[in-house]
> 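Quick one: the structure is below, and I'll ask about it shortly.
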Amino acid sequence: MRTQIYTYLAACLLFVFQNAMQMHAQDYAGYANEVRKNVWQWDNPDFTAREVPVKYNNESAVILAFHNDIQANGKKKIRFDVNTILSLNKELYYTNIHRIMIKIQDNNALNTYSEINFREQQREMGYRISKKMRTVVGARIIKPDGDIREVNVDEAVNITEGKQDNIEYKKLAIPELQKGDILDYFIQDEMHMDDENIPVLNFPFIHQYPMLSYSVHCEVGKNLTTEYRSINGAPEFTVSENEENYILDVRQEDIKKAGNYIWTEPFRQYPIIRLSILHNESSNMYKPATARKRGLYKDPSPEAMLIDAFMSLNDLGITTNGLSADMAKDMKRFRKNNPNADKKEMTDFIYNSWKFHLHNASYLSSYAALYILNSFLFDQKIESKMGFTTSRNGPRKEDVIRFWEFDPVVTANNNTQVFTYPSFFTVSEEYNYMYEGEEATLMETKKGRLKPSGSSFENITIPITTPKDNLYDVKTLTSFSDEDPSLLIINREMQIKRNAKFPYQYLILLFEEVDNEKRQELGITRSLVEESEKERRTRKYAEGYKAQFEKDKKAQIDSLKQEVSLYHDIHPKEVLDFSVTSSGATQNKKELVYSVKYVMEGFVNRAGTNIILDAGKLLGSQVKPDDEDINRDKGTYTPYPRAYENEIRIILPPGYSIDKTDNLNKNVENDCGRFVSTSSVNDSVLTIHTSKVYKNSYEPLSNWKKLLQIIDAANDFYGQSIVLKKL
């Protein structure tokens, strides 16, 4: 009888669900019209502004008003699943409207705002999963005479991708928008979720254009956990409440634009209010036992979130069986073949084994992956610690707003070796440069478990690499084409170390070849294809691997053209040859070493019988700050300390000599680094040596002029030409 009742209930619920889906689709148009009506009727005086202050007349655009409106609440919802048939759960309901009214003052801004892209509806259903999202867009143009013309959003076109022509997003054109017009538009995102939290909300009090006003209004249910903080000088929320909600408001006027600066890190340099809304009362979402309960929390403790991060490692129930089993096989071979290996050599091997097998366990989070590495080191009786740090391109340790903003890190052998989540190409101790100089909080592994408490923590600073660690050593041999003297044939040899090598590895290396190298390093005798063919359950993948490897080989020539474009910022006419000496992806081949030969045009000009050669361009592309950047008001976060050593040899064409090369000799050196170049001619070969060094990854604003001297010297060299005279 009970089975019959459950079957009947399931059938009824399925019928209700199917009808709800149909009604949901049919009702969207009416719902969207109602949203637009409500937004256009906002009683917000900021959106009545029409005049731009004289001081902003030369700006590309000016934001007259920008407003974010956030509504969030946890609501009870009856749900159906295979375990409980009927259950009562908490659904998170959330809307975010951001409305912008912007005066368009030049063609650049006109091109930027000539269309709006958005996803209209999305729904995810599954086992214990329910998420609905829909977006409403509204736009209207306000002409200089005050005439208001609403854009017909129904004319948005579907943009599809893939063989199935799946709709990826919609594109709404703003065809009547002109210079001098005001564009008033909004995007509302609405979500219903019972298995996820709202993504962290960041409200930056800065924009690429000046803002006459920026405001945020949040109404958040008291049944949620709401945490917020202001960073880098951002204003503070004013807080009030009613019976059901906490109400957060903030407003600021006349905000100058963010400079179009190179080498900045927004979370470290720009004023931002950070807001986290958590549905901690939901039974469907993970939260550590130490997580805060319902309520409003200003400036939540980073130390408490750090404890949350450590607790999550034990709470996640991480299984190490598959990955650890593969690593154990590798370790057994290593111990047999290297009975006298020291702790560092063993640690290097374990890391490389872990990293290799990790790409077959892509389902593992960074937390789980580093936890497994730490556990395996412990099992192999190697002293190790696990901890957390923050990335330079994210918030500082004291500015985190959720525990997963801490990134995991493992150290070994008295903290002399540091490991972070790897790329496919990293080898032991090549941790991500975004963690250099950051503080990491560590804890020893005891009996294979992490039991966090304040007294068990140890803080270290992750070491910063030197310019020599991240070296570009480039040797270039250039000659004039016999068939066409306007073309150059360039043979460039590259030797690149550590952080500097990764962009080039991704472009030029074939996965199959690197995978085979790593297998050889670990003592694995079978290739990926052979390993797949070994077992019936994986045999079906072997043909796919073969097909992909052939496809990669055919596409490599295009990748090499991209490599030349990356180096010169100019596309090559033709790639002639290419070879790799060292992949930089294994422990005994840490440096990337390769050569590429190609044909370039656009470097040579004629002046009567003389040849003008843009010799400076052979150095490769340079950072070019614009006028706005020159007067920046922020310090600089360059990627990492690095050195560029170039030897450029140019074979002169028969019957020509060089007039002079004094313009190729430069010498700028200061506390931030150097740019030095020298030149000489011997036996019809012009040889140029250049050395460019950036000493530090961060320079305060007080050092910007010194850094700019190095950048300017390199750009000045890049723009130099030499005259080859006909004898």
Side-chain angles (χ1 to χ4, degrees), residues 319-364 368-384 410 412-413 416-431 498 501-502 505 509-539 541-542 544-546 548-549 552 580-594:
T319 175
T320 66
N321 291 343
L323 186 55
S324 293
D326 290 332
M327 293 168 65
K329 293 177 184 176
D330 294 344
M331 196 63 195
K332 184 177 179 180
R333 286 192 301 270
F334 178 80
R335 287 183 180 277
K336 180 180 178 181
N337 297 329
N338 302 273
N340 298 319
D342 60 25
K343 292 289 187 181
K344 182 184 183 307
E345 291 170 330
M346 291 172 61
T347 303
D348 288 342
F349 184 85
I350 289 169
Y351 171 85
N352 291 321
S353 171
W354 166 80
K355 183 181 66 65
F356 173 77
H357 295 294
L358 185 62
H359 77 260
N360 289 325
S362 56
Y363 57 88
L364 291 174
L370 270 296
Y371 182 91
I372 291 171
L373 174 62
N374 183 59
S375 298
F376 196 87
L377 290 168
F378 176 84
D379 291 341
Q380 298 298 316
K381 297 181 171 50
I382 293 174
E383 182 270 337
S384 67
V410 168
N413 300 315
T416 59
Q417 294 177 271
V418 177
F419 309 107
T420 60
Y421 194 79
S423 78
F424 180 67
F425 297 107
T426 50
V427 298
S428 180
E429 297 182 79
E430 289 182 344
Y431 46 83
R498 201 168 174 120
K501 65 189 176 182
F502 297 126
Q505 285 174 310
L509 298 180
L510 295 175
F511 173 85
E512 180 184 17
E513 293 176 357
V514 176
D515 187 71
N516 287 336
E517 274 190 45
K518 290 178 178 293
R519 289 171 182 273
Q520 184 178 2
E521 178 183 48
L522 298 173
I524 301 172
T525 57
R526 292 188 179 90
S527 68
L528 178 59
V529 171
E530 291 169 341
E531 197 173 76
S532 301
E533 291 173 335
K534 180 186 173 185
E535 296 189 25
R536 180 178 299 176
R537 64 184 180 83
T538 58
R539 202 167 293 156
Y541 300 121
Y545 290 139
K546 291 178 184 177
Q548 185 60 51
F549 294 160
D552 291 345
V580 176
T581 305
S582 171
S583 69
T586 56
Q587 201 67 29
N588 61 346
K589 292 183 178 180
K590 287 186 178 182
E591 299 176 7
L592 174 63
V593 183
Y594 69 95

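Bear in mind the structure is a predicted one, so any value in this text is a computation, not a measurement.
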> What's the separation between atom CG in Asp326 and atom CG in Leu358, rounded to the nearest 0.5 Å?
11.5 Å
> Any carboxylate oxygen within less than 4.0 angstrom of a Lys/Arg side-chain nitrogen, looking at Glu533 and Lys546?
yes
> If every non-hydrogen atom of Gln417 is compared with every non-hydrogen atom of Ser428, which pair is closest and at what distance?
NE2-OG, 3.9 Å
> Do Ile524 and Arg333 come close enough that some side-chain heavy atom pair is under 4.5 Å?
yes
> For a 4.5 angstrom cut-off between non-hydrogen side-chain atoms, does Ile382 reach Ile350?
yes
> Under a 4.0 Å threshold between the charged nitrogen and the carboxylate oxygen, would Lys518 count as salt-bridged to Asp515?
no
> Would you call Glu383 and Lys343 a salt bridge, taking side-chain N to carboxylate O under 4.0 Å as the test?
no
> Can you list the steps and then say if Leu509 with Tyr594 is a side-chain contact (heavy atoms from CB on, under 4.5 Å)?
CA-CA 10 Å; Leu509 298 180; Tyr594 69 95; over 6 Å; no
> Does Glu530 reach the main-chain N or O of Ser527 with its side chain, forming a donor-acceptor pair under 3.5 Å?
yes
> Give, for atom OH of Tyr545 and atom OG1 of Thr538, the distance between the pair rounded to the nearest 0.5 Å.
8.0 Å
> With rounding to the nearest 0.5 angstrom, report the CG to CG distance, Asp342 to Asn413.
8.5 Å
> Among side-chain atoms of Asp552 and Gln548, is any donor-acceptor pair under 3.5 angstrom?
yes
> Please check this pair: side chain of Arg519 against backbone of Thr525, looking for a donor-acceptor N/O pair closer than 3.5 Å.
no
> Can you tell if the side chain of Lys590 reaches within under 4.5 Å of the side chain of Arg498, non-hydrogen atoms only?
no
> Who passes salt bridge (Lys or Arg N to Asp or Glu O under 4.0 Å) against Lys501, sequence neighbours left out?
Glu430
> Pairing donors with acceptors under 3.5 angstrom, does anything connect the side chains of Asn352 and Thr586?
no
> When rounded to the nearest 0.5 angstrom, what distance separates CE in Met327 from CG in Leu373?
6.0 Å
> Do side-chain atoms of Lys355 reach the backbone of Thr426 as a donor and acceptor pair under 3.5 angstrom?
yes
> Got a salt bridge between Lys344 and Glu429, using NZ or NE/NH1/NH2 to carboxylate O under 4.0 Å?
yes
> Is it true that a side-chain atom of Arg539 and a backbone atom of Ser532 form a donor plus acceptor pair closer than 3.5 Å?
no
> I'd like to check the side-chain hydrogen bond (donor to acceptor under 3.5 Å, both in side chains) partners of Glu591; sequence neighbours left out, ordered by chain and number.
Gln495
> Report yes if the side chains of Phe349 and Asn338 come closer than 4.5 Å at any heavy-atom pair, otherwise no.
no
> Just jot down the side-chain hydrogen bond (donor to acceptor under 3.5 Å, both in side chains) partners of Ser583, sequence neighbours excluded, or say none.
Glu517
> Between the side chains of Asn374 and Ser384, does any donor sit under 3.5 Å from an acceptor?
yes
> Counting only heavy atoms not in Tyr541, do more than 12 fall under 6.0 Å of its OH?
no
> How long is the gap from OG on Ser324 to CE on Met331, to the nearest 0.5 Å?
12.5 Å
> Taking His359 as the fixed residue, which of Tyr421, Phe424, Trp354 is the one that meets the ring pair (Phe, Tyr, Trp, His ring centres under 6.0 Å) rule?
Phe424
> Inspect the surroundings of CD in Gln520 and state if more than 12 heavy atoms from other residues, nucleotides or ligands are less than 6.0 Å away.
no
> Any heavy-atom pair between the side chains of Ser582 and Leu592 that's under 4.5 Å?
no
> Would you give the length of the straight line joining atom CG of Asp379 to atom CD1 of Ile372, rounded to the nearest 0.5 angstrom?
11.5 Å
> Going by the ring pair (Phe, Tyr, Trp, His ring centres under 6.0 Å) test, name the single residue among Phe376, Phe419, Phe356 that passes it with Tyr351.
Phe419
